[in-house]
K.L.:
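Take this structure first; my questions come after.
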Amino acid sequence: MTERKKEKFLSLRKKIIENDFKKMNPMQMKAIMCVKGPLLVLAGAGSGKTTAIVNRIANMMRYGEAYHSEEISSFITEDYVKKLELDYVNGELSEEEKINLSVNPIEPSKILAITFTNKAAGELKSRLGKFLEKDEQKVKAGTFHAICAQILRQFGEKIGYSKHFSLYDADDVRGIIKDCQKALNIDGKALPYRAIMAEISRAKDQMMNYKEYENAVSNDFKKAEIAKVYKLYQEKMHEAGSMDFDDLLMNTVLLFRKCQDVLEYYQDKFEYILVDEYQDTNTVQCEFINLLAQKHKNLCVVGDDDQSIYRFRGANIENILNFEQIYPSTKVIRLEQNYRSTSNIIKAANAVIENNTSRKGKKLWTDNKPGCKIKVHTARDEIDEAKYIADRIFESVSSGKKNYSDFAVLYRMNSQSNILERAFVRSGVPYRIVGGFRFYERKEIKDMIAYLSVINNPKDEVRLRRIINRPKRAIGEKTILRVMDILQETGRDLFDILKNASEYAQLQRVSAKLSTFTGLIDYFIEKCEGQQITISELYQLILKKTDYINALTAECDDSESRIQNINELATNIKIYEKEYQEKATLSGFLEEVALMTDMDEYDLNEQAVTLMTIHAAKGLEFPIVFLPGMEEGVFPGGQMISRPSDIEEERRLAYVAITRAKEQLCIVNTESRMLFGIISHNKPSRFSMEIPKNLAEFSAVRNIKKLERGECFSKTYFEEKLRLIESARSFTQVGGGNAPECFISFNIGDSVAHKVFGTGKVLSTRQVGNDFLLEINFGQMGTKRLMSSFSNLEKINS
DNA sequence: TTATGGCGATTTTTT
DNA sequence: ATCGCCATAA
C-alpha cells in the first residue's frame, strides 16, 4: 500500500463523514471531527452550538476516532478503495460500508454530557435519540447536581452519608441558617441570612469545610461569626442526614479525592466528557470536571465568555479563560457565525459588548438580511410602557402575521412583571410568566414533599418540623423548642425523642400528641418497607390519614387551586413511576423533585407571550423581543452603577438580552417610573445608547393627558384585575378551571363566521388565561388562531 | 399560641 | 409598593 493510496483513502473517509454532516459550516465541522483530547469551543449566541454538540456526539458514536496510519494498511485494498469511491460518488454508500469506516466507535455509555439545566440535558438527550437504538447504551446527560447526586447515592457511604440523604433547597437552608443565627445570638440585621448563605456557599465552592474556613478568616470578625454559623449549620445538616446543593458537588469532589478507586471507576466509565455553558462553572464544578477528565483528557467544553451572567453566584469566568493553560494541547474553535438574528440585531449586540474590556475576543457575524431597525420607544411611565408592549403585540397578532408565542418580554427584575401582567390582562393578550413562583415551592406541595421526605429519611429535621403541626395537631413552637433543647443535650435522634416523649418531664403534657404523630409516620414507613405499596399509594395514604385536604379547606379560602396542586403532584408521581417502572424509588422521586425547576416544564409551543427575566431567557430565542425598563437604575441596576466589574456583567446581560431576538428588538424606557415606592426619572440605559443610532428608530409617547388615577385605576378596578390575574395564573399553571361566562363558548367542529376570514370550522379550543384560544380552519384563508373574546366570531347553525 | 402594626430593605439565581 | 421581620397585644 503506497502512501498516496493511504492519503486518498483518508481524504475519502473524511469526505464521506463530512457528507453526513453537510449542513454544518467549516468551524462546526472542525468541532465535530475533533473527538479526542481537550477541546475548547467558543460559541457565540445563536451560532448553532447545540446542533454542533449533538452532531459531534453522533460522530463519536458512529465513526469514532481518526485513523492512525499504520492501522490502515492492514485492511484496505485497491479494490476496496475503488468501490468505496464509486459508491460514494454515486450516492450509493451502504450503511455497512459506512460502519466499516469507523475506528473504535465510542460506546454511548462512555460519553458524559454535563449541562446546567435539566431542560438542556433533556434537549440533548432527545436530539441524540435519533442516533441511538439501544436503551441501555444511552449517553449520560445531566446537570452537575443530578450527576453528583447519583454518584453520592451510590458511593456516599464511603464518606459517611446514607443512601437516603435528603436534599435541601434554598428554602430549607434558609430555615436552618435562621435557627443557627438564633442559637448563636447573631443579629440578623448586622449579618443577614442572605449574606451568610452566600458566604457558606462560597466557602463550599472553594472546597473549604468549616474548620478550614474558620482558620482562613480568623482575623475578620464578621467572617468569624459566619464560621460559627457554618459549623453549626453543617452539624445540623449532618444530624438531619441532608445535603444542600453545594454539598452535592463538594462531597463528590471529596469522595473522588479520598477514594481513588471510585474516581478511577468514573474516569473509565466516562472516557469522553462534554460540558456545556462552561463560562458558568464555578470552582468546585471545574475541579469535579478536572478530576474526571484527568485520566483520558477527552474533555470538550463549550461556552461563551460574553454570556457569563452568573458571576454573582460564584461562576468563575477564569475557568474558560484559563482552560488552555490547564490543558496545554487544547484545540480552540470559534463559532462566530450567527444563524439566529438579523444583521441589525447582531451589529447592535456587537456594538454593545465591545465596550467590555475583559473578553476573549470574538465577533459575531451573519449572512442574514439587515431586517428592520431596532425600535427604541420612550413611554411616559411604567403603566404606559406595559400598555405599549401589550398593544403592539395585540396589533401584530390580530393582523394575523404573528402568533402570541412569537413574543417575549424580558426584564431585569421580577418586580417588573406585575405591571406588565396587568396590562396583558387588560388587553386580553394571553401570557405566561416563567420563573418566579415554582410549583415545588408552593406551601401545600412542600408539605406533601415533606411527608414523603420524612418517611424516606426520618432524620430529616427540617421537613419533620414542617409537618409536625400541619395539619394542626396542637404541637406548637414551644414544644419544638423543648424538643430541640433535649436534642442538643442528649444528642439523641429527633424522631426518637418524639417517639419516647413521655420519658421527659418537659414533654409530659404533649407526649400523647407526639407519639400519635410518630406512630403515623412509623405506620407509613412500615407500609413502605419491602415496597409493599407504590409511591402513588403511599401518597394517597398520607392524604387520607392526615386528612390534609379537609384541613386545607378549613384553613384557607383559596383551597381550590391548592387542592388542584396536590392532585397535580399525584400525577407527577404517576409519571415518575411510569418512567422508571420497577426502578422507581422514593429517594429517586424526591431527588428528581429537588433538582427540578419550572424552567424545565417550559413549553415553547403554548400560544402565549412569554414573560421572564433575562437570566431565565439565556439559551432561548424569540422572533420578537421587548426589553422594558432600559434605564439607568433599572438596567443597569442601581447597585451596579458604581462598580465597573458589575457594569461589565450587566453589559453581558444586555448582550444576552439583545441576542435573544431573531427578527425584531424593541427597547422601551420611560420618562418616569415608580421604583421601590418612589417616582424616579431615569436616563435611558447606557446600553441602549451604545447601539449605533443608524440601526435604531426612535419613538415616544408625549403630551398625552395623564389618566386620572381615580377614573381608571380605582381601588375596585385593581381588586378585580388582581382576581383576574390570579385566575389567569391558575389556569395557565394548572390547565383547568371554569370558562368565563361572558364569552360565547365554542366547541370542536362548530361552524363560525369571521368578518375578515369568512366562515370556518373550529379545529381545537384551548383555555389560555381567562380566555379561549381557538384554532379555526377558514378553508382557503388557511388555519388561524384566534382569541375567543377578541375575534368577534359568530356561531353558525348548520 | 395566634393576630396585627410599624419598620427597613429592596437585583439577577440554570441547581 | 411590597414583603418579611420583630414586637406587642389578645
Side-chain angles (χ1 to χ4, degrees), chain A residues 114-123 142-149 167-171 173-174 178 181-182 187-189 192-195 197-198 201 204-205 243-249 276-277 279-282 284-285 307-315 382 410-419 434-436 438 440-441 469 472 474-481 510 555 591-600 602 612-620 629 633-641 643 646 649-650 652-654 656-657 673-679 718:
Chain A
I114 305 179
T115 61
F116 274 83
T117 61
N118 296 307
K119 191 170 162 260
E123 196 183 320
T143 63
F144 276 102
H145 298 267
I147 287 160
C148 288
L167 256 177
Y168 282 0
D169 64 18
D171 237 35
V173 170
R174 192 185 61 190
K178 282 188 180 170
Q181 281 179 304
K182 223 177 270 169
D187 179 20
K189 295 231 169 81
Y193 69 88
R194 275 170 159 278
M197 281 169 74
S201 187
K204 287 180 177 176
D205 178 33
M243 292 194 205
D244 61 28
F245 289 135
D246 301 311
D247 287 330
L248 285 175
L249 276 143
D276 194 12
E277 306 283 11
Q279 77 281 354
D280 290 332
T281 50
N282 60 25
V284 67
Q285 285 165 339
Q307 291 189 66
S308 160
I309 54 174
Y310 284 105
R311 211 187 37 154
F312 72 93
R313 242 190 54 181
E382 74 276 13
L410 309 179
Y411 38 81
R412 176 70 240 266
M413 296 177 288
N414 274 315
S415 57
Q416 288 172 264
S417 70
N418 275 314
I419 291 125
V434 179
R438 294 170 182 176
Y440 288 104
E441 275 171 13
N469 198 27
K472 292 219 163 64
I475 302 169
E477 202 58 38
K478 267 258 157 56
T479 309
I480 307 273
L481 282 175
V510 284
E555 241 170 73
E591 184 175 300
E592 198 167 283
V593 165
L595 297 176
M596 173 103 95
T597 67
D598 71 6
M599 276 302 293
D600 306 326
Y602 173 60
M612 59 177 141
T613 63
I614 299 164
H615 283 90
K618 198 174 78 164
L620 303 175
V634 179
F635 188 20
Q639 313 239 289
M640 329 303 250
I641 284 179
R643 307 233 325 250
D646 284 343
E649 175 130 332
E650 294 281 285
R652 289 194 289 270
L653 194 58
V656 169
R673 161 187 314 269
M674 183 81 96
L675 201 58
F676 304 131
I678 298 160
I679 291 173
F718 269 118

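Below, chains carry the letters A, B, ... as their sequence lines are ordered, and counting in each starts from 1.
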K.L.:
Measuring centre to centre across the rings, with the benzene-like ring taken for any Trp, is A:F312 within less than 6.0 Å of A:H615?
P.N.:
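Under 6.0 Å, so yes.
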K.L.:
Could you tell me how far apart A:I614 (CD1) and B:dT11 (P) are, to the nearest whole angstrom?
P.N.:
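Computing the A:I614:CD1 to B:dT11:P distance gives 15 Å.
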K.L.:
Could you walk me through whether A:L410 and A:M612 pass the side-chain contact (heavy atoms from CB on, under 4.5 Å) check?
P.N.:
CA-CA 5 Å; A:L410 309 179; A:M612 59 177 141; 3.8 Å; yes
K.L.:
To the nearest Å, how far apart are A:Y411 OH and B:dT13 P?
P.N.:
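My rounded result for the distance is 9 Å.
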K.L.:
Could you check how far CG of A:L675 sits from P of B:dT11, rounded to whole Å?
P.N.:
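So the CG-P distance, A:L675 to B:dT11, works out to 10 Å.
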K.L.:
Which part of the nucleic acid, if any, lies within reach of A:D280 when heavy atoms closer than 4.0 Å are counted: base, sugar-phosphate only, or nothing?
P.N.:
base
K.L.:
Taking NE2 from A:H615 and P from B:dT12, how many angstroms apart are they, rounded to a whole number?
P.N.:
9 Å
K.L.:
Rounded to whole Å, how long is the line connecting atom CD1 of A:I419 with atom P of C:dT2?
P.N.:
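These atoms are roughly 9 Å apart.
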K.L.:
Mind calculating the distance between CG (A:N418) and C1' (C:dT2) to the nearest angstrom?
P.N.:
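The answer, rounded to whole Å, is 9 Å.
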K.L.:
Would you tell me whether A:S201 and A:D246 have side-chain atoms, one donor and one acceptor, within less than 3.5 Å of each other?
P.N.:
yes
K.L.:
Report yes if a side-chain nitrogen or oxygen of A:N469 is closer than 4.0 Å to either non-bridging phosphate oxygen (OP1 or OP2) of B:dT1; otherwise report no.
P.N.:
no
K.L.:
Using centres under 5.5 Å plus planes under 30 degrees as the test, is A:F312 stacked with B:dT12?
P.N.:
yes
K.L.:
Using atom CG of A:L595 as one end and atom P of B:dT13 as the other, report the distance to the nearest whole Å.
P.N.:
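Rounded to whole Å, this separation is 18 Å.
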K.L.:
Tell me: CZ of A:R652 to P of B:dT13, nearest whole Å?
P.N.:
17 Å
K.L.:
Nearest 0.5 Å, please: how far is CE in A:M197 from CG in A:D244?
P.N.:
8.5 Å
K.L.:
Measure from the side-chain N and O atoms of A:N118 to the backbone N and O of A:L595, and report whether any donor-acceptor pair falls under 3.5 Å.
P.N.:
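Confirmed, A:N118 side chain pairs with A:L595 backbone.
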K.L.:
So what does A:R194 hit on the nucleic acid, given a heavy-atom distance under 4.0 Å: a base, only sugar-phosphate, or nothing?
P.N.:
base
K.L.:
Let me spell it out: for each of A:A594 and A:M413, pick the nucleotide of DNA chain B with the closest heavy atom. Which residue's pick is nearer the 5' end?
P.N.:
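In this pair, the answer is A:M413.
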K.L.:
Output yes when at least one side-chain N/O atom of A:S415 is less than 4.0 Å from OP1 or OP2 of C:dA1, else no.
P.N.:
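For A:S415, the contact criterion (side-chain N or O under 4.0 Å from OP1 or OP2 of C:dA1) is not met.
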K.L.:
Regarding A:F635, tell me which of base, sugar-phosphate or nothing describes its non-hydrogen contacts under 4.0 Å with the strands shown.
P.N.:
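Nothing: the residue A:F635, judged by heavy atoms under 4.0 Å, touches no strand.
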